[in-house]
2 protein chains.
Amino acid sequence: MSERQKSILDAAVRVIARAGVRGLRVEQLAAEAGISTALIYYHFGDRAGLLRRTLEHINEDAAGYTQQAAAKATDARGELELLLLLELQDTESVRTNSTAWGELRASAVFNEDLREPLAESTRVWVDEVAEVIRRAQASGSASPLADPLDAAERLTCLVEGLSERWLSGSMTIARARKLLRGAIAAELAER
Amino acid sequence: MSERQKSILDAAVRVIARAGVRGLRVEQLAAEAGISTALIYYHFGDRAGLLRRTLEHINEDAAGYTQQAAAKATDARGELELLLLLELQDTESVRTNSTAWGELRASAVFNEDLREPLAESTRVWVDEVAEVIRRAQASGSASPLADPLDAAERLTCLVEGLSERWLSGSMTIARARKLLRGAIAAELAER
DNA sequence: GTCTATAGGAAGATAGAC
DNA sequence: GTCTATCTTCCTATAGAC
């Protein structure tokens, strides 16, 4: 992939975060990237092709940033909190990525093409979280009775739900973070 | 509201469930409702007004159907399960409503106009669930230590997250239901 | 209240020069 | 590879008759 293509995809993520997949206009993207619309068609064929490639691009970004969380944590349980709370921060980059991710998921409901790559990225994320939960169990900071995969799937789903409520203005970011911390405690507690 | 308006709004929910908010074409809606596009503008002013009214319409439907759940349950805890699992069923009407609800939430991220009514409907739903949790606590079928509002907000968020994964093809409905049952148990358990 | 017909404009996509 | 210019299609919205 050329540098030009990368810069177009970066611009596409910004435009999607600002206006949604629904609001992405090829002309607007061209302006954001500082090029002509014709060049976008030259590189990506049509609007659908552009979207597909943009979504792959978002996934690659996301994979990069979960690894940063792992590096900062001191124990497995702390790593779990960091990993999940990472998605609920009011910074430009998190907002941009979460918005784009939410748009991707919402679009997949109506667009067959997006479903498989989305399911795959979801699976990767869930597995990562499950693995951290297993480590927390092994180190004694989490109940060994919980099923790691079930817990991981519930927690990541909850993160998506909280994120959507936050981005759609139904909940503050502080409240979303508080609720998520509570859920992590509940999932890992003895019962 | 006239019968005609109701029938247009019903048709709008169906079209949104099939094609999304972005995919809703006034002409397509007119065909679905068996009328002309002009009549839609006559009744709702413009496309945005139509969307706003459709959102309200979906909320009214949803309110109606939570009351059915209340009627069937034998105790507060059972009522909670019915109330939440109601949203995760593979029937046409649930699918239609959930899809439309997800679309409206996703659209609200970019559309100021939809935010306030959406937040209000969310609040109503969360309060209802919180109230059922309080009753479950009072009857001894749920731990009195859990904060009902926190639990209600987490559970309803989880329902939205699970529903989106299901509708976007990242999870089966059976798995979504299983995970939700587990979450209810976790939220209500002593810890 | 409801229709037919259409204005008017936005957005996707392409032709052809450089 | 990249641009300018433009074609075409599609869609919202309205005018005006009934």
Side-chain angles (χ1 to χ4, degrees), chain A residues 1-57 99-100 103-104 106-114, chain B residues 1-57 99-100 103-104 106-114:
Chain A
M1 180 163 60
S2 72
E3 285 307 311
R4 167 107 306 164
Q5 289 188 349
K6 273 185 211 161
S7 95
I8 295 174
L9 292 176
D10 285 338
V13 175
R14 290 195 300 275
V15 174
I16 288 176
R18 206 184 310 132
V21 165
R22 305 162 174 71
L24 184 146
R25 303 283 164 249
V26 177
E27 195 170 353
Q28 190 185 359
L29 169 56
E32 175 80 25
I35 55 172
S36 69
T37 64
L39 192 53
I40 291 171
Y41 287 99
Y42 171 79
H43 282 299
F44 301 101
D46 60 9
R47 191 177 182 279
L50 169 70
L51 281 181
R52 228 178 302 115
R53 295 284 302 280
T54 304
L55 300 171
E56 287 163 22
H57 189 63
T99 304
E103 274 294 289
L104 165 52
S107 303
V109 175
F110 306 101
N111 185 341
E112 281 294 334
D113 283 4
L114 299 176
Chain B
M1 179 164 60
S2 71
E3 285 306 310
R4 165 106 309 159
Q5 290 189 348
K6 274 186 210 160
S7 95
I8 295 174
L9 293 175
D10 284 338
V13 175
R14 291 196 299 275
V15 174
I16 289 176
R18 206 185 309 134
V21 167
R22 180 180 191 252
L24 183 148
R25 302 286 163 248
V26 178
E27 195 170 355
Q28 190 186 357
L29 170 55
E32 175 79 26
I35 53 170
S36 69
T37 64
L39 191 53
I40 292 171
Y41 287 100
Y42 172 79
H43 282 298
F44 301 102
D46 60 9
R47 191 178 183 280
L50 170 69
L51 283 181
R52 229 177 304 113
R53 295 284 302 278
T54 303
L55 168 59
E56 289 163 20
H57 189 64
T99 304
E103 273 295 287
L104 288 164
S107 302
V109 175
F110 306 100
N111 184 340
E112 282 294 335
D113 282 3
L114 297 176

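Here is how names work: the chains are called A, B, and so on, in the same order as the sequence lines, proteins then strands, and each is numbered from 1. Small disclaimer: the values here were computed from a predicted structure and weren't measured.
- The existence of a salt bridge linking A/R22 and A/E103 is confirmed by a sub-4.0 Å separation between a basic side-chain nitrogen and an acidic carboxylate oxygen.
- Remark: A/T54 OG1 to A/L29 CG distance equals 7.5 Å, nearest 0.5 Å.
- Rounded to whole angstrom, the span from the NE2 atom of A/H43 across to the C1' atom of D/dT2 amounts to 8 Å.
- A distance of 14.0 Å separates CZ in A/R14 from OG1 in A/T99, rounded to the nearest 0.5 Å.
- Between the CZ atom of B/R25 and the OG1 atom of B/T37 there is a distance of 14.0 Å, given to the nearest 0.5 Å.
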In B/S/- notation (B base, S sugar-phosphate only, - none; protein heavy atoms under 4.0 Å), nucleotides 4-18 of chain D written 5' to 3' is B------SSBBB---
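- Looking at B/E32, its side chain never comes within 3.5 Å of a backbone N or O of B/A11 through a donor-acceptor pair.
- Rounded to whole Å, atom P of D/dT2 lies 12 Å from atom CD of A/E3.
- The interatomic distance linking B/L39 (CG) with C/dA5 (P) rounds to 17 Å, in whole Å.
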